[in-house]
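Written out below as structure tokens is the structure these notes cover.
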Amino acid sequence: MDSTSGTMMTLIFSGALFFISVIAHRKRWWLTFYLTASVAFMAAMIAFSILTGLDTVIMSTEAQTIAGTATFLGMKSVYLPPNAFIFRDPTGWSIFGIGFECSSLIEISVLIALLIFYPGYSRESKIRYAFIGATMTYMANLIRMLLIIYIVSVFGKSTIYLAHAIIGKLVFFLFVILLYWYLLTRPTVDMVRDMIKAGKFE
């Protein structure tokens, strides 16, 4: 299956879930509505980014930003169009290509979708927190890649798997967990606590 077919399947999946979310909203099945609407919106965002080429722009921008920042920090790096960069290591040069999965687009889409349909925020708060969350997730991903460059540039090519698949992902995962706690879990706990105090669960 090529990327175009995959994107079209994603759009069909998004449409089907959106239809289910409409029914769930009419039936007042709020949890079902929240989950289906959020996933549908997330899938639509991903398909939109691919169809419009936004994903390529973001990956290219990330590669250029990483190469420039790494060089500024003393880790010589050169941007390779469209979405890769090379950097010095103890034995020569290493190359790192930024794919869709490494671009943070998936994580950003999930976070925005969950916030947009979150019932505990006003419309203004949803937009503000979505912007803040997307920006912080993007920055966290840049930090993750800079950490990978640092480890490989110091300890060599043999540490690429450790740096990329374990340390880098662990750091990014912990950040995402903290961000979700701050933007989604914590306010939900506070909302439930307030409802209990008001006697709405009695």
Side-chain angles (χ1 to χ4, degrees), residues 1-7 9-10 42-115 128-184:
M1 180 182 296
D2 57 28
S3 59
T4 302
S5 299
T7 304
M9 289 297 295
T10 301
M42 177 269 294
M45 285 185 63
I46 291 175
F48 174 81
S49 68
I50 295 174
L51 290 173
T52 60
L54 178 62
D55 60 329
T56 302
V57 173
I58 290 176
M59 290 185 288
S60 176
T61 301
E62 286 178 332
Q64 294 179 65
T65 302
I66 290 297
T69 304
T71 299
F72 176 78
L73 294 175
M75 299 175 288
K76 179 64 176 178
S77 181
V78 178
Y79 167 62
L80 294 178
N83 59 336
F85 54 88
I86 59 173
F87 57 93
R88 294 294 300 268
D89 63 47
T91 60
W93 294 84
S94 292
I95 185 170
F96 192 100
I98 300 177
F100 188 87
E101 296 80 6
C102 297
S103 67
S104 74
L105 276 169
I106 295 175
E107 291 81 6
I108 289 174
S109 297
V110 170
L111 179 61
I112 290 176
L114 290 174
L115 284 169
R128 182 172 68 253
Y129 287 141
F131 176 78
I132 293 173
T135 301
M136 294 184 68
T137 302
Y138 182 85
M139 295 300 295
N141 193 49
L142 296 182
I143 293 173
R144 176 182 72 89
M145 287 187 281
L146 285 171
L147 178 61
I148 293 171
I149 292 177
Y150 174 76
I151 293 173
V152 176
S153 66
V154 172
F155 300 103
K157 291 182 175 64
S158 61
T159 60
I160 288 180
Y161 177 80
L162 175 66
H164 179 262
I166 299 178
I167 298 177
K169 287 187 176 180
L170 179 61
V171 170
F172 186 66
F173 177 74
L174 289 175
F175 172 83
V176 170
I177 291 297
L178 289 174
L179 186 62
Y180 274 54
W181 165 259
Y182 179 77
L183 293 178
L184 293 168

Task: Chi angles and distances behind the side-chain contact (heavy atoms from CB on, under 4.5 Å) call for T69, L146 - done: CA-CA 8 Å; T69 304; L146 285 171; 3.8 Å; yes

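- Expressed to the nearest 0.5 Å, how far OG1 of T65 lies from CE of M139 amounts to 9.0 Å.
- Summarising the geometry of S103 relative to M59, their closest heavy-atom pair is CB-CG, 3.7 Å, with the distance given to 0.1 Å.
- Under the 30°/60° scheme for interplanar angles, the aromatic rings of F85 and F96 are found to lie parallel.
- Residues V152 and A163 share a closest heavy-atom pair of CG2-CB, 4.2 Å.
- Residues F175 and A140 approach most closely at CD2-CB, 3.3 Å, considering heavy atoms.
- The shortest heavy-atom contact between A63 and I98 is N-CD1, 3.5 Å.
- A side-chain donor-acceptor contact under 3.5 Å links T71 to the backbone of S77.
- Rounded to the nearest 0.5 Å, atoms CG (L162) and CD1 (I160) are 11.0 Å apart.
- Contact check for I106 versus F100: side-chain heavy atoms found under the 4.5 Å cut-off.
- How far OH of Y150 is from CZ of F87: 13.5 Å, rounded to the nearest 0.5 Å.
- Taking CD1 from I167 and CG from L147, the interatomic distance works out to 6.5 Å, rounded to the nearest 0.5 Å.
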TODO: Step by step, work out the side-chain contact (heavy atoms from CB on, under 4.5 Å) result for I143 and F172.
DONE: CA-CA 8 Å; I143 293 173; F172 186 66; over 6 Å; no

For residues 48-58, which side-chain N or O atoms pair as donor and acceptor with protein atoms under 3.5 Å away, sequence neighbours left out?
{"from": "S49", "atom 1": "OG", "to": "I46", "atom 2": "O", "distance (Å)": "2.7"}
{"from": "T52", "atom 1": "OG1", "to": "F48", "atom 2": "O", "distance (Å)": "2.7"}
{"from": "T52", "atom 1": "OG1", "to": "L54", "atom 2": "N", "distance (Å)": "3.4"}

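- Residue pairs satisfying the salt bridge (charged side-chain N to carboxylate O under 4.0 Å, His left out) criterion with at least one member in residues 131-159, sequence neighbours excluded, are listed as follows: D89-K157.
- When all heavy atoms of S153 and P90 are compared, the pair lying nearest together is O-CD, 3.2 Å.
- For residues 102-112, no pair satisfies salt bridge (charged side-chain N to carboxylate O under 4.0 Å, His left out), with sequence neighbours left out.
- Here the straight-line distance linking atom OG1 of T61 with atom OH of Y138 works out to 5.5 Å at 0.5 Å rounding.
- When all heavy atoms are compared, the tightest approach of I112 to A134 is CD1-CB, 4.2 Å.
- Within a 6.0 Å radius of OH in Y180, other residues, nucleotides and ligands contribute more than 12 heavy atoms.
- N141 places a side-chain N or O within donor-acceptor distance of the main-chain N or O of C102, the cut-off being under 3.5 Å.
- Side-chain contact check for N83 versus E62: every heavy-atom pair is 4.5 Å or farther apart.
- For the atom pair Y79 OH and I86 CD1, the distance stands at 13.0 Å (nearest 0.5 Å).
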